[in-house]
Amino acid sequence: MHEIHELGLVFVNYLLLNQGYKTLYLGESVPMKDLEDMKTYFDEVTFISYFTVQPEYEEVEAYLEEFKSTILEGTSNKFYVLGKQTEGVTKSFEGISIQKGIQNLILELQS
């Protein structure tokens, strides 16, 4: 259950670098268990993902809940999610922000 298209991620990474942000581009389809290791190397991580085809539409909320409990819980980490697959998300998750587009993401990160 990971993103398999990376063009959106590459573009977001480029825009963030251009704005002066420090980024660590991990690529597409990084298993969640591997993201847990980020907590041991960094005090605060802002994760960004672009859901274009994965996870499946009906599995997005379960994925976000798992991400919240596995990666975000007990940290000040944040998770920003973009992409068509997020359109049906009705729940809100602490530490997770659903973005309606790249421009909205950049504006929210700047605030």
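Residue numbers count from 1 along this sequence.
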Quiz item: Backbone N or O of Leu105 within a donor-acceptor pair of the Gln99 side chain at under 3.5 Å?
Solution: yes

Self-check item: Partners passing side-chain contact (heavy atoms from CB on, under 4.5 Å) against Glu61 (at least two apart in sequence or in another chain)
Solution: Val89, Thr90, Lys91, Phe93

Quiz item: Does CG in Asp34 sit with more than 12 non-hydrogen atoms of other residues, nucleotides or ligands closer than 6.0 Å?
Solution: yes

Quiz item: With a 4.5 Å heavy-atom cut-off, do Phe47 and Ser49 have their side chains touching?
Solution: no

Quiz item: Are a donor atom and an acceptor atom from the side chains of Thr46 and Glu44 found within less than 3.5 Å of each other?
Solution: no

Quiz prompt | Flag if over 12 foreign heavy atoms under 6.0 Å of CD, Glu58 | solution = yes

Quiz item: Is there side-chain contact between Asn77 and Met38, with at least one heavy-atom pair below 4.5 Å?
Solution: no

Exercise. Could you tell me whether Glu36 and Lys33 have a side-chain N and a carboxylate O separated by less than 4.0 Å?
Key: no

Quiz item: Are Val81 and Val60 close enough that some pair of their side-chain heavy atoms sits under 4.5 Å apart?
Solution: no

Self-check item: Between CD on residue Gln54 and OH on residue Tyr63, distance to nearest 0.5 Å
Solution: 10.5 Å

Quiz item: So how far is it from Asn13 CG to Asn18 CG, rounded to the nearest 0.5 Å?
Solution: 11.0 Å

Quiz prompt | Shortest non-hydrogen contact between Glu108 and Ser97, atoms and distance | solution = OE2-OG, 3.4 Å

Quiz item: Can you tell me how far the CD1 atom of Ile106 sits from the CG atom of Leu16, to the nearest 0.5 Å?
Solution: 4.5 Å

Practice problem: Using the rule that two of Ile, Leu, Val, Met, Phe, Trp, Tyr join whenever any of their side-chain heavy atoms come within less than 4.5 Å, decide whether Leu107 and Phe11 are in one cluster. | Solution: no

Quiz item: Checking Thr86 side chain against Leu82 main chain: does a donor-acceptor pair fall under 3.5 Å?
Solution: no

Quiz item: Would you say Tyr25 has more than 12 foreign heavy atoms packed within less than 6.0 Å of its OH?
Solution: yes

Quiz item: If you measure from CG on Leu35 to OG1 on Thr70, what distance do you get to the nearest 0.5 Å?
Solution: 10.0 Å

Quiz item: If we only count heavy atoms from C-beta on, is the Ile71 to Phe79 side-chain gap below 4.5 Å?
Solution: no

Quiz prompt | Nearest-0.5 Å distance that lies between atom CD1 in Ile48 and atom OG1 in Thr23 | solution = 9.0 Å

Quiz item: What about Leu24 and Leu17, same hydrophobic cluster or not, with Ile/Leu/Val/Met/Phe/Trp/Tyr joined at side-chain heavy-atom distances under 4.5 Å?
Solution: no

Quiz item: Between the side chain of Tyr21 and the main-chain N/O of Leu109, is any donor-acceptor distance below 3.5 Å?
Solution: yes

Quiz item: Does a sphere of radius 6.0 Å around NZ in Lys78 hold more than 12 heavy atoms from other residues, nucleotides or ligands, not counting ones at 6.0 Å or beyond?
Solution: no

Quiz prompt | From Leu64 atom CG to Glu59 atom CD, the distance as rounded to the nearest 0.5 Å | solution = 11.5 Å

